[in-house]
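Below is one structure, written out as C-alpha cells; comments come after it.
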Amino acid sequence: MPTWPWNWDWTWCKEPVASPSIRPIDPPDGLAALREINEPHPANPLVNPADPNDKRRVLTRNDPVAYKALGYGKKWYEKWAILTGVFVVQLSMNFNAAAYGNAGEGMKEKFGVSQSQVKLGQMLFLVMYAFGCELWAPWSEELGRKYVMQGSLLFVNAWQVGCALAPNFATILTCRALGGLSSAGGSVTLGIVSDLYEPEEQHYAVLYVVLSSVAGSVIGPIAGGFIQTYLTWYWVFWVQLIFGLVAQAVHCGLVPETREHCLLDEEAQRRRKAGEDPKIYGPNEIRGSFSKRTDFKQMLALMWRPYKLLATEPVILFLCLLSGFSDALIFIGLDSFPLVLGQFNFTVIEIGLSFISLLAGYIIAYISFLVVYGYEGRQKKKGKQYTPERRLWWLLWLVPLEPIGLALFGYAAFGPPKVHWWVAMLGAAFIGIANFAIYMATIDYMIAAYHPVAASATGGNGFCRDFLAGLAALFTGPFYKEIRPGTKWQFSSPTFILCGIGTLLCVPVFVFYFFGEWFRNRSPYATQIEKEREEDREAREHAIIESRKVTPKSTPAASRASSPARAGRVDRGGRIMEMMRLRPKKEPIDIGIEELEI
C-alpha cells in the first residue's frame with residue numbers, strides 16, 4: 001500500500017521510542033573509565049577538578065536520572081497540559097493588544113481626544129511589548145519560567161485596573177505602556193517549549209503556541225465588536241482583566257516549573273536529602289545565591305543579543321522583517337476593515353465578525369502543517385535526513401498567498417456594486433494562511449539553524465512583529481485616508497502598495513531555502529552552534545536512552561536499577577540477554593538459573 005503525504009500520523013502526541021541504532025558513549029581513555037568508577041555518573045563533572053579536597057559534583061542534564069526529572073522526561077499528556085496553559089496565556093496577552101481599539105470611540109467622547117491620540121495607546125502597548133519580551137527573558141533563565149510568568153501576568157492585570165479606572169487619558173497611555181512592558185510574551189512561552197522538547201521534536205508544540213499567538217490578535221476584535229455595541233468603553237479593559245485572571249489561574253494550575261537549572265537544583269537537593277549522593281549539587285547551587293550569581297552585565301548582553309543578531313545575520317534580519325510585516329498587516333486590518341467594509345454597510349459587530357476569516361485562515365494553515373510534519377516524521381523514521389532549510393519548504397508554497405490576499409482585498413476596496421464583500425473575506429483568509437505559515441516556518445527554521453541561541457533569534461522575530469505592528473497603529477489611518485482621497489482608489493491604492501511590499505519580502509524565503517546553507521556556513525553563530533551540537537550529540541542521545549530505562553523517583557532507592565543492591569541482578573540480566581542474542585539458532589543455552597535472585 002503506498003504511503004501518501006496526507007496519511008495521518010498519530011505518534012506525534014506520544015513519547016518517542018529510543019532508536020536502537022544509537023549506541024552508548026564509550027570512555028575515550030583510562031582517565032574517563034577511572035572517573036566513571038569514582039562518580040555515580042560521568043556526566044556530572046567535579047566542581048573544582050584542580051582541588052583534590054573538593055569532591056562536589058555538578059548535576060547535568062546528561063545524567064540519565066536527572067534527564068528524566070527535567071521537562072524532557074515528562075509524559076506526553078503532561079507536556080500537552082503545560083502547553084495548554086501556555087496557550088491560554090498567549091491568547092490573553094495578544095487579546096490585550098488587539099481589543100483596545102474598540103474602546104476608542106468611548107475614550108474620544110469621555111476625554112475629548114482625537115483618533116490619533118487614541119492610537120497612541122495601541123502603539124505604546126505594542127512597542128513596549130516588543131521590548132518587554134526581551135526584558136523578561138533573562139530573568140526567566142535565572143529565576144525560572146513559572147515565577148517570572150506569574151509576575152508578568154500579575155503586573156499586566158494590575159495595569160488593566162488602572163486603565164478601567166483612569167481619571168484622564170494620560171493615565172490610560174501610562175498604564176498601556178507599562179502593560180506592554182510587563183508582558184513576557186513569546187520569549188518565555190517559547191522558552192517553556194524548549195524546556196519540554198528536544199529541537200528535533202518541537203514542531204507540534206511550537207505549532208500549537210504559534211496558533212495561540214496569532215489567534216489572540218483576531219479574537220480581540222471579534223469580541224470587541226460586541227463589547228463596543230452593548231457595553232461602555234471601560235468594559236474593554238474589565239474584560240481584558242477577567243481574561244487575564246483566568247489565564248493566570250490556568251497557568252498557575254497547569255504549568256509547573258520547567259526551567260532546566262531549577263529542576264536540576266531540585267533533583268540534587270532530593271538526592272542529598274535521601275542520602276543517595278551527598279556530594280551532588282545543582283548548577284545554580286554551585287553558583288551561590290541569586291544575588292551572588294546575578295551578573296547584570298551578562299543579562300544586558302543577553303538582552304542585547306537579539307538586536308545584534310538582527311544587525312549581523314542576514315538570514316534572521318530578512319525573515320524577521322517578513323514576519324514583522326505580516327503581523328503588522330493584522331493590526332492594519334483593525335483600521336482598514338472598518339473603512340473598506342463600511343462601504344458594504346457593515347455594523348460594528350459585523351466588522352468584528354469579519355475577522356473570523358483570518359481565524360479560518362490560521363486554522364487551515366495549522367492543519368496543513370500537521371499534515372506536512374506527519375509526513376516528514378514518517379520519512380525521518382525511514383532514515384531520511386533533512387537540513388534546517390527543509391523547515392522553509394512548505395512556506396515556499398504558502399507565502400505567495402500574502403500578496404495574493406492583499407490584491408484581493410485591494411480589489412474589494414473598490415466597493416459595491418462592482419465587488420461583493422466576500423472577496424475581501426477571501427483575501428483576508430489568504431493573508432491569515434500566509435501570516436501563520438510565515439510565523440511558524442521562520443521560528444522553526446531559526447530554532448533548527450541557531451539552537452541554542454534560538455531564544456535570541458526568535459526574540460528578534462517577536463520584536464519585529466510587535467514593533468512593526470505598533471508602528472502600523474499610527475500610520476494606517478492617514479495611509480488609507482490621504483492617498484487619492486475622495487476617489488475610488490482611496491482604499492485600494494494603499495492596499496496595492498502593501499501588496500507590492502509583500503511581494504518583495506517573499507523573495508528572501510526562496511533565497512534562503514536554496515542557498516541557506518551558504519549563508520549559515522559564513523555565520524560565526526551558526527557554525528559554532530553546529531560544532532558544539534556535534535560534540536555533545538552522543539552524550540545527549542545516551543542520556544535520552546538511559547533516562548527511559550530509569551524507574552520513577554518515587555520508587556524506593558534499593559529497588560532502582562541504578563542502586564548497588566540491584567547492580568548484580570541488572571548485570572546478570574544483561575549478560576543473559578547478550579548470551580541469548582549471540583547464541584546460534586536451535587542451540588540450548590545454560591542461563592545459570594540458580595544464580596538469579598527472584
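Keep in mind that this is a model prediction, so the values were computed, not measured.
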- Query: Got a sec, which residues hit side chain to side chain donor-acceptor pair (under 3.5 Å) with Q117, two or more places apart in sequence or on another chain?
  - Reply: S114

- Task: Would you please classify the geometry between the F369 ring and the W394 ring as parallel, tilted or perpendicular, with 30° and 60° separating the classes?
- Result: perpendicular

- Test ring pair (Phe, Tyr, Trp, His ring centres under 6.0 Å) on F463 and F131 and set out the steps. CA-CA 7 Å; F463 173 81; F131 289 101; 5.3 Å; yes

- Exam field: side chain S492 to backbone W489, donor-acceptor pair closer than 3.5 Å: no

- Taking every heavy atom of A98 against every heavy atom of S217, the minimum-distance pair comes out as CB-O, 3.1 Å

- Query: Is there a side chain to side chain contact (heavy atoms under 4.5 Å, CB included) between V340 and Q343 once you walk through the steps?
  - Reply: CA-CA 6 Å; V340 173; Q343 300 177 100; 4.2 Å; yes

Acceptor/donor pairs from residues 495-516 side chains to any protein atom, 3.5 angstrom cut, sequence neighbours excluded:
from: T495; atom 1: OG1; to: Y480; atom 2: OH; distance (Å): 2.8
from: T495; atom 1: OG1; to: F491; atom 2: O; distance (Å): 3.0
from: T503; atom 1: OG1; to: C499; atom 2: O; distance (Å): 2.9

- Side chains of R484 and S493: do they bring a donor and an acceptor to under 3.5 Å? no

Mind listing the side-chain donor-acceptor pairs of residues 422-439 below 3.5 Å, one per line with the distance, residues two or more places apart or on another chain?
from: N435; atom 1: OD1; to: S326; atom 2: OG; distance (Å): 2.7
from: N435; atom 1: OD1; to: R465; atom 2: NH2; distance (Å): 3.4
from: N435; atom 1: ND2; to: Y362; atom 2: OH; distance (Å): 3.0

- Residue set satisfying side chain to side chain donor-acceptor pair (under 3.5 Å) with N461, at least two apart, ordered chain then number -> S323, T442

- Query: Can you list every ring-ring contact (aromatic ring centres under 6.0 Å, His included) pair that touches residues 323-351, not counting sequence neighbours?
  - Reply: F337-F355, F337-F409, F346-W421

- Query: Between Y208 and F87, does the ring centre distance come in under 6.0 Å?
  - Reply: yes

- Could you tell me whether R391 sits above the aromatic face of Y445, with NZ or CZ closer than 6.0 angstrom to the six-membered ring centre and within 45 degrees of the axis? no

- Item | Heavy-atom pair with the smallest gap, counting every atom of H203 and M440 | O-CE, 3.7 Å

- Message: Quick one: does any side-chain atom of T476 pair with a main-chain N or O of A473 as donor and acceptor, under 3.5 Å?
- Response: no

- Item | Ion pair R520/E389, N-O distance below 4.0 Å | yes

- Query: Is there a donor-acceptor pair under 3.5 Å between the side chain of S92 and the backbone N or O of A247?
  - Reply: no

- Message: Could you check whether any side-chain N or O of S212 sits under 3.5 Å from a backbone N or O of L91, counting only pairs where one atom can act as donor and the other as acceptor?
- Response: no

- Could you check whether the rings of W304 and Y307 sit parallel, tilted or perpendicular, using 30° and 60° as the cut-offs? tilted

- K119: partners by side chain to side chain donor-acceptor pair (under 3.5 Å), with sequence neighbours left out: D335

- Looking at Y386, is K380 sitting on its ring face, NZ or CZ under 6.0 Å from the six-membered ring centre and within 45 degrees of the normal? no

- Query: Of the non-hydrogen atoms in V156 and S183, which two are nearest, and what is the gap between them?
  - Reply: CG2-OG, 3.6 Å

- Query: According to the interplanar angle, ranging from 0 to 90°, do the rings of W393 and W397 count as parallel (below 30°), tilted (30 to 60°) or perpendicular (above 60°)?
  - Reply: perpendicular

